[in-house]
> 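One structure is given below, represented as structure tokens, and several questions about it will come after.
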Amino acid sequence: MDFHFSEEQKMLRESARDFLQTECPKAFVREMEKDPTGYTPQLWRKMADLGWMGIIFPEQYAGAGGDFLDLLVLLEEMGRACLPGPFFSTVVLGGLPILEAGTEPQKKEFLTKIASGHLTLTLAHLEPATTQFDPYLLRVQAFAEPNSYTIDGIKLFVPDAHAANYMICVARTEGEINSQEGITLLLVDARSPGIKWEFLKTVSRDKQCEVIFQNVKVPQGNILGSWNGGGSILEGLLQKAAIAKCAEMIGGAQFVLDMCVSYAKEREQFGKLIGTFQAVQHHCANMVIHIEGGRYITYKAAWMLSKGIPCTKQVAVAKAWVSDAYKRVASLGHQIMAGTGYMEEHDMPLYSRRAKAAEIAFGDANYYRELVAKEIGL
């Protein structure tokens, strides 16, 4: 594995950072936390014009023909900027499973519109009454009928459901509620009769929704993969989603480090710059160790995923490490910034709140530690 960015990836990273510094300042992020939509059509259009929506899609679907590593470079910069909006839910949670398992007509219809910025998607996966993350504990059911399918049940923490044109609903179609078998993924028009949603209050103040499916009809051609064959698709999607979230977390943690180092070089206390104090130096050094370790294992897992190499352990190691690392970096950042860093007007709360939310996204550190233990035979 080559750990160096290609020239194209370096250009992508630099251009993305410059663009987001201009178009997504922290004042805009705070404004979007209060905005009912959570993003602006103007910024979405600019991102689409840059080719970001189709970065990982083949050129035949109006994409840029990039790979998973290219997407991670972009996501790291988005995490650094705390970018609001449905990019992750549309491209990662919606676009990737269609790219992997969709039929040719589905790819042409959905991927082309995603790449052009004319379609937003999300994944309706998690459900109530679960005390810990279990991706296969599904009670929402889908039933086959002569000319369609019917979905009934409740989904929780559906990202950006309010803005989605389509949802990929993960439904139980056969077997026990906690089995990987008997799962089907259905492409559901988000404006279908019988769908209701409302916002949930979250620590990161992002747009997570409760979605109720009540006798919702889905056309026959809207199955992703095959009937009862969605378990393996879901497994692959969650691996990529976990690593994509790791990239976002690394970007956020890197910004916290950069902000703290800059502050330590300017802030005076007891007649000295606080950066001359050993405790502050060690805090910043520990931040670097957390971030560099996380970046290494994240990109290693991403490379393996892009090559189709089995990497359940590597994905689990990365998500467990980075989930803890981002929280630790944020905690150290608050210690360096002291009381100032707890003010709502300061940037630190933006990152510490996102660190907590990202920790549990697609499974927390404990869930992935159990996977690592299983992979090593325990």
> Strictly below 4.0 Å, N to O, side chains only: are K327 and D364 in salt-bridge contact?
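Between D364 and K327 there is no salt bridge, as every charged N stays at least 4.0 Å from the carboxylate O atoms.
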> Output every pair passing side chain to side chain donor-acceptor pair (under 3.5 Å) with a member in residues 63-73, not counting sequence neighbours, ordered by first then second residue.
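Found Q9-D70.
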> Side-chain contact test, heavy atoms from C-beta onward, threshold under 4.5 Å: evaluate it for N222 versus L186 and give yes or no.
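Answer no - side chains too far apart.
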> Going by heavy atoms in the side chains, are T90 and W44 under 4.5 Å from each other?
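When only atoms from C-beta onward are counted, W44 and T90 do touch, with a gap below 4.5 Å.
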> Any side-chain heavy atom of V288 sitting closer than 4.5 Å to one from L257?
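Yes, side chains in contact.
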> Go through the steps for D258 and Q254 under the test side chain to side chain donor-acceptor pair (under 3.5 Å), then give the verdict.
CA-CA 6 Å; D258 294 345; Q254 184 67 56; 3.0 Å; yes
> Got a sec: does the CD of Q214 have more than 12 other heavy atoms crowding it under 6.0 Å?
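No, not enclosed.
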> Where do I243 and F68 land on the side chain to side chain contact (heavy atoms under 4.5 Å, CB included) test, with the steps shown first?
CA-CA 10 Å; I243 293 301; F68 192 55; 3.9 Å; yes
> Mind checking the SG-CE spacing from C24 to M47? Nearest 0.5 Å is all I need.
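Here the rounded value is 8.5 Å.
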> Distance alone, cut at 3.5 Å: any donor-acceptor contact between the side chains of K108 and T112?
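Looking only at side-chain atoms, T112 and K108 do not form any donor-acceptor pair under 3.5 Å.
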> Ignoring hydrogens and angles, tell me if any N or O in the side chain of E375 forms a donor-acceptor pair with the backbone of Q314 under 3.5 Å.
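A pair under 3.5 Å: no.
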> Going from CG on D160 to OG1 on T120, what distance comes out if it is rounded to the nearest 0.5 angstrom?
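Nearest 0.5 Å value for the CG-OG1 distance: 8.0 Å.
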> Answer yes or no: is there a donor N or O on one side and an acceptor on the other, between the side chain of E77 and the main chain of D18, under 3.5 Å?
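Between the backbone of D18 and the side chain of E77 there is no qualifying donor-acceptor contact (under 3.5 Å).
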> CD1/I154 to CZ/F213 distance, rounded to the nearest 0.5 angstrom?
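Between atom CD1 of I154 and atom CZ of F213 there are 11.0 Å.
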> Does any N or O in the side chain of S192 come within less than 3.5 Å of the main-chain N or O of D189, such that one atom is a donor and the other an acceptor?
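Side chain of S192 to backbone of D189, a donor-acceptor pair under 3.5 Å: yes, one is there.
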> Can you check whether F110 and F57 have ring centres sitting under 6.0 Å from each other?
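Ring centres of F57 and F110 not closer than 6.0 Å.
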> If you count the non-hydrogen atoms of other residues, nucleotides and ligands that lie under 6.0 Å from CD in Q278, is the total more than 12?
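No, not enclosed.
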> For a 4.5 angstrom cut-off between non-hydrogen side-chain atoms, does K26 reach H346?
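No - every pair of side-chain heavy atoms lies 4.5 Å or more apart.
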> Strictly distance-based, threshold 3.5 Å: is any side-chain N or O of Q141 a donor or acceptor partner for the main-chain N or O of A171?
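Here the side-chain-to-backbone pair does not exist.
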> For D152 and N215, indicate whether the former's side chain and the latter's backbone hold a donor-acceptor pair under 3.5 Å.
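Yes: the side chain of D152 pairs with the backbone of N215.
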> To the nearest 0.5 Å, what is the distance between OG (S232) and CD (E181)?
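Atom-to-atom, S232:OG and E181:CD are 8.5 Å apart.
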> A side-chain contact here means heavy atoms from C-beta on lying under 4.5 Å apart; do R80 and L20 qualify?
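Contact flag for R80/L20 side chains = no.
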> Have a look at T312 and tell me which of E235, Q239, K374 forms a side-chain hydrogen bond (donor to acceptor under 3.5 Å, both in side chains) with it.
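The passing option is Q239.
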> Assess whether a salt bridge exists between E127 and R172, defined as any Lys/Arg side-chain N lying under 4.0 Å from an Asp/Glu carboxylate O.
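Between R172 and E127 there is no salt bridge, as every charged N stays at least 4.0 Å from the carboxylate O atoms.
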> Please determine whether side chain to side chain contact (heavy atoms under 4.5 Å, CB included) holds for the pair L93 and F88, giving the CA-CA distance in whole Å, both sets of side-chain angles, and the decisive distance to 0.1 Å.
CA-CA 7 Å; L93 301 181; F88 195 102; 4.0 Å; yes
> If only atom types and distance count, is the side chain of H125 paired as donor or acceptor with the main-chain N or O of P135 below 3.5 Å?
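Yes, the answer is positive, given that a donor and an acceptor are paired below the 3.5 Å cut-off.
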> Do you know which two heavy atoms are closest between A244 and L75, and how far apart they sit?
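Result for this residue pair: CB-CD1, 3.5 Å.
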> Locate the shortest heavy-atom distance separating A142 from W227; write the atom from each residue and the value.
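Of all heavy-atom pairs spanning A142 and W227, the closest is O-CH2, 3.8 Å.
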> Let me see the working for D206 and Q208 under side chain to side chain donor-acceptor pair (under 3.5 Å), right down to the final yes or no.
CA-CA 6 Å; D206 57 351; Q208 303 272 347; 3.1 Å; yes
> Could you go through the side chain to side chain contact (heavy atoms under 4.5 Å, CB included) check for V211 and W197 one step at a time?
CA-CA 4 Å; V211 179; W197 62 266; 4.1 Å; yes
> Say whether, by atom type as modelled, one donor and one acceptor occur between the side chain of S262 and the main chain of M259 under 3.5 angstrom.
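The answer is no, because no donor-acceptor pair under 3.5 Å joins these two groups.
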> Which atom names give the shortest non-hydrogen contact between V188 and C169, and what distance separates them?
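Smallest interatomic distance, heavy atoms only, reads CG2-CB, 4.0 Å.
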> For F277, is the NZ or CZ atom of K272 found under 6.0 angstrom from the centre of its six-membered ring and inside 45 degrees of the ring axis?
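Judged by the rule (NZ or CZ under 6.0 Å from the ring centre, within 45° of its axis), K272 is not positioned above F277.
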> Go through the steps for L350 and R30 under the test side chain to side chain contact (heavy atoms under 4.5 Å, CB included), then give the verdict.
CA-CA 8 Å; L350 291 175; R30 295 186 186 90; 4.1 Å; yes
> Under 3.5 Å, is there a donor-acceptor pair between the side chain of S148 and the main chain of K217?
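Answer holds: no.
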> Spell out, as yes or no, whether a donor-acceptor pair under 3.5 Å connects the side chain of H290 to the backbone of Y326.
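Pair absent, no side-chain N/O of H290 close to backbone of Y326.
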> Do T40 and D35 touch side chain to side chain, with heavy atoms closer than 4.5 Å?
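No. Closest side-chain heavy atoms not under 4.5 Å.
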> Under 6.0 Å from the six-membered ring centre of F362 and within 45° of its axis: does the NZ or CZ of K319 meet both?
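Because its charged atom misses either the 6.0 Å distance or the 45° angle limit, K319 does not stack over F362.
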> Of the non-hydrogen atoms in P84 and V29, which two are nearest, and what is the gap between them?
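Distance-wise, the nearest heavy atoms are CD-CG2, 4.4 Å.
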> Would you confirm whether K155, through its side chain, and V140, through its main-chain N or O, come within 3.5 Å as a donor-acceptor pair?
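Not a single qualifying donor-acceptor pair exists.
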> Return the orientation label for the Y299 and F5 ring planes: parallel under 30°, perpendicular over 60°, tilted otherwise.
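Perpendicular.
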> When the ring planes of F19 and W52 are compared, do they come out parallel, tilted or perpendicular, using 30° and 60° as the limits?
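Perpendicular.
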> Applying salt bridge (charged side-chain N to carboxylate O under 4.0 Å, His left out), run through E359 and K356 and close with a yes or a no.
CA-CA 5 Å; E359 173 201 7; K356 181 58 182 175; 3.0 Å; yes
> Side chains of I233 and E100: does their closest heavy-atom pair fall under 4.5 Å?
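When only atoms from C-beta onward are counted, E100 and I233 do not touch, as no gap falls below 4.5 Å.
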> Using the rule given for salt bridge (charged side-chain N to carboxylate O under 4.0 Å, His left out), can you reason through E344 versus R205, listing the C-alpha separation, both sets of side-chain angles and the distance that settles it, and then say yes or no?
CA-CA 13 Å; E344 281 292 311; R205 301 177 189 174; 3.1 Å; yes
> Counting neighbours of CD on E145 that are heavy atoms of other residues, nucleotides or ligands and sit closer than 6.0 Å, is the number greater than 12?
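Above 12, so yes.
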> So which atom in M53 and which in V91 form the shortest heavy-atom distance, rounded to 0.1 Å?
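Taking every non-hydrogen atom into account, O-CG2, 3.6 Å.
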> Taking C-beta and beyond as the side chain, do C311 and W303 meet within less than 4.5 Å on heavy atoms?
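The answer is no, as the side chains (C-beta and beyond) never meet within the 4.5 Å cut-off.
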> Tell me, with the steps shown, if E292 and R295 meet salt bridge (charged side-chain N to carboxylate O under 4.0 Å, His left out).
CA-CA 5 Å; E292 288 302 312; R295 182 176 283 119; 2.9 Å; yes
> To the nearest 0.5 Å, what is the distance between CD1 (I98) and CD1 (I168)?
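Taking CD1 in I98 and CD1 in I168, the distance rounds to 4.5 Å.
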> Check P58 against L99 and note the closest heavy-atom contact, atom names and distance.
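In terms of heavy atoms, the two residues are closest at CD-CD1, 3.6 Å.
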> Are I183 and V216 connected in the hydrophobic side-chain network, where two residues link if heavy atoms are under 4.5 Å apart?
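They do not share one cluster, since no chain of ILVMFWY contacts under 4.5 Å joins I183 to V216.
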> Specify whether Y367 and F133 have parallel, tilted or perpendicular ring planes, treating 30° as the upper limit for parallel and 60° as the lower limit for perpendicular.
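It falls in the perpendicular class, over 60°.
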> To the closest 0.5 Å, what do you measure between SG (C246) and CD (E76)?
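Separation between the atoms: 11.0 Å.
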